[in-house]
**Student:** 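Handing you this structure, nothing more for now.
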Amino acid sequence: MELRVDRERCIGAGMCVLTAPGVFDQDTADGRVVPLDLTPAPEREHAVREATEVCPSGAITIVSGD
Ligand code: SF4
């Protein structure tokens, strides 16, 4: 699985961090997402898909691995 994260689109809701904490973090300065792992291992894919679905701004895109 490969991800793309658009920090410009992110509104800092933090849902991704709660859903997939090893994959996403939040910038302490502006609250926007900080991707920790853009090629998550298979065991994280379920959480990443969920994070993509719950993100209110559509900032997370799965570019491969569907
Ligand atoms: S859930 Fe979406 S809007 Fe919220 S911090 Fe993560 S990427 Fe940004």
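Order of appearance sets the numbers: ligands from 1, and atoms from 1 within every ligand. None of the values given here were measured: they were computed from a predicted structure.
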**Student:** Which residue and non-hydrogen atom of the protein lie closest to atom 5 (S) of ligand 1, and at what distance in Å?
**Tutor:**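 Checking every protein heavy atom, the shortest distance to atom 5 (S) of ligand 1 gives G14 N, 3.2 Å.
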
**Student:** At a 4.0 Å threshold, what atoms of ligand 1 neighbour a non-hydrogen atom of V33?
**Tutor:**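 What qualifies from ligand 1 is 7 (S).
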
**Student:** Heavy-atom distance under 4.5 Å between the side chains of D37 and R44, does that happen here?
**Tutor:**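 D37 vs R44: side chains touch.
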
**Student:** Short list, please: which atoms of ligand 1 are under 4.0 Å from a heavy atom of A59?
**Tutor:**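 By the 4.0 Å cutoff, the relevant atoms are 7 (S).
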
**Student:** Verify, without hydrogens or angle tests, whether Q26 (side chain) and G12 (backbone) share a donor-acceptor contact under 3.5 angstrom.
**Tutor:**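 Yes, Q26 side chain to G12 backbone: donor-acceptor pair under 3.5 Å.
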
**Student:** Any heavy-atom pair between the side chains of D27 and V33 that's under 4.5 Å?
**Tutor:**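 They are not in side-chain contact.
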
**Student:** Is the contact between C10 and ligand 1 made by the side chain, the backbone, both, or neither, using heavy atoms and a 4.0 Å cut-off?
**Tutor:**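 Both the backbone and the side chain of C10 come within reach of ligand 1.
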
**Student:** Specify the closest pair of heavy atoms between A51 and F24, including all atoms of both residues, with the distance to one decimal.
**Tutor:**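 Closest approach of A51 to F24: CB-CE1, 3.8 Å.
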
**Student:** Tell me, which protein residue and heavy-atom name are nearest atom 6 (Fe) of ligand 1, and how many Å apart are they?
**Tutor:**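 Looking only at protein heavy atoms, the one closest to atom 6 (Fe) of ligand 1 is C16 SG, 2.3 Å.
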
**Student:** Please determine whether C55 has a backbone or side-chain N, O or S atom lying under 2.8 Å from atom 6 (Fe) of ligand 1.
**Tutor:**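 No N, O or S atom of C55 is closer than 2.8 Å to atom 6 (Fe) of ligand 1, so no.
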
**Student:** Within a distance under 4.0 Å of any heavy atom of A13, pick out the atoms of ligand 1 and give their elements.
**Tutor:**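 Within the 4.0 Å cut-off of A13, ligand 1 contributes 3 (S), 4 (Fe), 5 (S).
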
**Student:** Any side-chain to backbone donor/acceptor pair from R4 onto T61? Under 3.5 Å, distance only.
**Tutor:**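 Looks like no, no N/O pair under 3.5 Å.
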
**Student:** Can you figure out which of G31, S57, P35 has its heavy atom closest to atom 3 (S) of ligand 1?
**Tutor:**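 The option holding the nearest heavy atom is S57.
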
**Student:** May I ask you to say whether E45 pairs ionically with R49, meaning some side-chain N is under 4.0 Å from a carboxylate O?
**Tutor:**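 A salt bridge links E45 with R49.
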
